[in-house]
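Below, chains carry the letters A, B, ... as their sequence lines are ordered, and counting in each starts from 1. For clarity, every value in this text was computed on a predicted model and none was experimentally measured.
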Protein chains: 2
Amino acid sequence: MPITIYDVAREAGVSMATVSRVVNGNPNVKPTTRKKVLAAIEQLGYRPNAVARGLASKRTTTVGVIIPDISSAFFAELARGIDDIASMYKYNIILSDSDQRLERELHLTNTLLEKQVDGIIFMGREITENHMEVFTTAAVPIVLAGTKDPTGQLPSVDISHFEAGYDATKFLINAGHTRIAMVTGPLGDPLAGMRRFEGYKKALDEAGLSMKDSYVYNGNLRYESGIKAVKQFLSLVERPTAIFAASDEMAVGVIHGIQDSGLRVPDDMEVVGFDNIRLAEMVRPRLTTVVQPMYDIGAVAMRLLTKYMNNEKVENHIVILPHRIEERESTKKIETTI
Amino acid sequence: MPITIYDVAREAGVSMATVSRVVNGNPNVKPTTRKKVLAAIEQLGYRPNAVARGLASKRTTTVGVIIPDISSAFFAELARGIDDIASMYKYNIILSDSDQRLERELHLTNTLLEKQVDGIIFMGREITENHMEVFTTAAVPIVLAGTKDPTGQLPSVDISHFEAGYDATKFLINAGHTRIAMVTGPLGDPLAGMRRFEGYKKALDEAGLSMKDSYVYNGNLRYESGIKAVKQFLSLVERPTAIFAASDEMAVGVIHGIQDSGLRVPDDMEVVGFDNIRLAEMVRPRLTTVVQPMYDIGAVAMRLLTKYMNNEKVENHIVILPHRIEERESTKKIETTI
DNA sequence: CGACTAGGTGCAATCGTTTTCAGCTATTCT
DNA sequence: AGAATAGCTGAAAACGATTGCACCTAGTCG
């Protein structure tokens with residue numbers, strides 16, 4: 001039989017209300033009383049029941065997190081950012097993998113809402129009308145991390161995938177390349193897939209280079225896609241001289257594919273990745289990549305959520321974090337003319 | 001104002017008790033009544049309050065998970081196994097990073113207990129008396145995943161680190177090596193650190209090879225440790241011909257360190273890793289490594305926990321999962337004499 | 001045909017807190 | 001000195017479900 005607040009009250013010779021005040025740090029308690037209560041708590045080994053508290057106070061200090069796949073390096077890093085800030089603000093996190101399956105995403109959202117979380121952080125790819133429908137029934141704030149809703153209604157934290165794709169391609173163009181291939185993410189993914197690809201196209205277009213379909217391989221962001229993409233590119237009569245991959249995993253696959261065929265990176269082909277997961281530094285040559293501040297996206301999203309949960313004023317509900325290109329050895333140093 | 005069970009009862013013209021029965025799938029409800037209630041629920045958009053339910057039923061269908069670092073590939077994979085099985089059994093997971101700091105581990109345990117989780121899965125390295133003290137105050141079952149308590153009281157799921165370390169070393173010995181170095185994990189870690197190292201020593205000992213201190217580098221399981229370890233080994237007059245690293249990250253660091261110095265793997269030096277994280281396949285040469293069934297450790301631990309939570313009989317409270325060596329290209333193919 | 005049984009339902013207590021409100025004491029102000 | 005105020009405290013009503021128990025209706029059995 002667990003110790004309740006009532007037991008403590010009896011032991012300390014006060015009312016439950018007073019015990020509650022002590023536990024919650026309410027200043028309106030005489031120091032001597034506080035001491036008595038604390039002693040009773042200690043003596044009895046009292047542990048407040050957060051479920052009862054949640055029911056009475058209507059706050060659970062718990063937030064829900066929906067994540068496509070926690071075993072992916074990218075999302076794990078985001079999750080870490082979320083968890084750190086959450087714990088800083090004394091929140092706990094209910095974490096669930098959605099596998100990016102719509103049905104599961106919606107079901108999880110409902111479950112979290114039933115559990116009375118104080119807020120939700122959602123990671124995924126596409127935000128459909130189905131999502132919006134469920135999200136709008138929520139009485140608590142929802143923040144998107146690493147994605148963005150097309151209507152721009154929901155608060156979100158992300159980078160500009162379009163500009164990032166553009167910058168990466170432009171980087172290769174500036175290095176003098178004219179035959180630049182791309183390994184895209186799934187085009188069904190509006191951001192990591194489509195927008196990065198659109199950035200690529202825009203950069204080519206601006207440079208007066210026409211996009212060739214044979215220079216585009218539609219991957220799934222995983223390592224194996226990179227290997228396969230290279231196979232396609234190397235079979236071409238006019239091979240590309242540079243490859244931009246929409247994820248680091250694919251980029252590393254690309255590097256290995258190139259090396260396996262006896263060519264060298266960056267001498268024969270240059271490669272640029274995307275994300276800057278730790279893997280980017282654990283490959284030879286180390287990968288030049290678009291740095292996405294994954295940890296920060298998670299952290300900022302969580303911070304944003306706390307503001308909503310506390311009814312604080314929020315100036316911008318859509319946050320775009322900066323990206324940049326980290327040059328390593330998978331591309332050649334560009335000569336800077338002075 | 002959210003819809004409560006009472007609103008549904010009124011709308012359907014029945015009592016709260018009946019609504020509760022319908023919601024919980026209690027068979028003692030006339031089909032026509034059930035239909036009415038379901039209609040009312042649908043119409044009102046009723047969402048049961050799990051907090052209230054938790055208070056009344058004393059079950060939250062939530063389990064706590066304490067993890068050292070979710071952004072580590074190893075633990076993320078474990079977490080995935082846990083989450084998959086949890087969701088299969090309709091449990092949600094409260095996930096928190098401990099950073100392996102004792103104080104935080106204990107604090108998190110208490111917080112989870114306050115939140116009335118139905119059970120806890122604990123991942124970490126050392127299980128001290130402090131842990132035991134807190135764990136025994138818990139009214140709910142606690143299962144260790146990827147670790148084991150020295151007293152053998154707590155249920156746990158893990159591999160035999162000692163045997164795995166032994167096998168890896170033996171593998172190298174069988175390949176004809178006599179100068180075998182090891183990059184260990186932190187020796188303060190009794191399992192991934194100490195036990196694997198002890199396995200290494202035993203294998204050497206059995207083979208009549210004496211262990212040399214200069215052939216042992218005390219790493220931290222991270223990539224950089226591997227690089228540094230190689231520096232030490234290569235500075236020796238009598239260099240090792242094979243290196244066993246206690247983690248894949250370190251092993252990849254070792255490979256790159258070797259390559260950076262102009263030597264080749266496996267021709268000049270062979271390398272064996274530990275864990276079999278995805279990285280092991282995303283490096284050239286691909287890494288021969290001790291396969292640890294990370295996902296399964298998580299999954300089995302969660303499954304075990306469900307048994308305890310349902311008061312099912314459990315035959316073995318300590319589960320040792322099998323490990324094996326996956327041969328890839330960082331070691332030479334052993335000639336099998338027929 | 002009367003007595004049981006079983007299915008279906010509602011009443012009301014309970015879970016362990018928070019929180020409003022009122023009341024009491026002791027102090028401060030005029 | 002009397003009134004007003006500030007600081008502490010307790011009583012009791014929520015919070016929104018679950019669940020044991022009693023009750024009622026039909027159907028079944030001998």
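In this structure, K58(B) reaches the dG16(C) phosphate: one of its side-chain N or O atoms is under 4.0 Å from OP1 or OP2. Listed pair N49(A) / dC15(C) fails the phosphate criterion, with no side-chain N or O lying under 4.0 Å from OP1 or OP2. Between Y46(B) and dA17(D) there is a side-chain polar atom (N or O) within less than 4.0 angstrom of OP1 or OP2. A close approach under 4.0 Å does not occur between any side-chain nitrogen or oxygen of S20(B) and OP1 or OP2 of dA17(D). For dG8(C), the OP1/OP2 oxygens have no side-chain nitrogen or oxygen of T33(B) closer than 4.0 Å. For dT9(C), neither phosphate oxygen OP1 nor OP2 lies less than 4.0 angstrom from any side-chain nitrogen or oxygen of S15(B). The shortest distance between the side-chain N/O atoms of N28(B) and the OP1/OP2 oxygens of dT9(C) is not below 4.0 Å. At dG16(D), none of the side-chain N or O atoms of T4(B) fall inside 4.0 Å of OP1 or OP2 (strictly under the cut-off).
Between Q116(B) atom CD and dT17(C) atom P the separation is 8 Å, expressed in whole Å. Taking atom CZ of R10(A) as the reference point, atom P of dG10(D) lies 14 Å away to the nearest angstrom. Spacing between atom CZ of R53(B) and atom C1' of dC15(D) amounts to 16 Å, rounded to whole angstrom units. One can place CE of M16(B) at 8 Å from P of dT18(D), the figure rounded to the nearest angstrom. Distance Y6(B) OH to dG16(D) P: 13 Å, rounded to the nearest Å. Remark: C1' of dT19(D) and CG of L55(B) are 13 Å apart, rounded to the nearest angstrom. Between the CZ atom of R59(B) and the P atom of dT14(C) there is a distance of 23 Å, rounded to whole Å. Between the C1' atom of dA6(C) and the NZ atom of K30(B) lies a distance of 14 Å, rounded to the nearest Å.
R21(A) contributes a side-chain N or O that forms a donor-acceptor pair with the base of dG10(D) under 3.5 Å.
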Chi angles and distances behind the side-chain contact (heavy atoms from CB on, under 4.5 Å) call for K115(A), T61(B) = CA-CA 10 Å; K115(A) 297 232 168 172; T61(B) 59; 3.1 Å; yes
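Smallest separation of non-hydrogen atoms from V140(A) and V117(A): CG1-O, 3.4 Å.
The residue among P27(B) and T18(A) whose nearest nucleotide of DNA chain C is located toward the 5' end is P27(B). Each of N24(B) and A17(A) has a nearest nucleotide on DNA chain D; the 5'-most of these lies closest to A17(A).
Using a 4.0 Å heavy-atom cutoff across all strands shown, V14(A) reaches sugar-phosphate atoms only and no base atom. Using a 4.0 Å heavy-atom criterion, one finds that V23(B) contacts no nucleic acid atom at all.
For V29(A), the side-chain atoms get nearest to dT9(D) when compared with the rest of dG16(D), dG10(D), dT9(D).
Partner F122(A) forms a side-chain contact (heavy atoms from CB on, under 4.5 Å) with one of L154(A), V143(A), L144(A) and no other, that one being L144(A).
Judged by distance alone, the side chain of D149(A) and the main-chain N or O of G152(A) form a donor-acceptor pair under 3.5 Å. Of the possible donor and acceptor atoms, one in the side chain of D189(A) sits under 3.5 Å from a partner among the backbone N and O of L191(A).
Residue-environment remark: CD (E312(B)) exceeds the threshold of 12 foreign heavy atoms within 6.0 Å.
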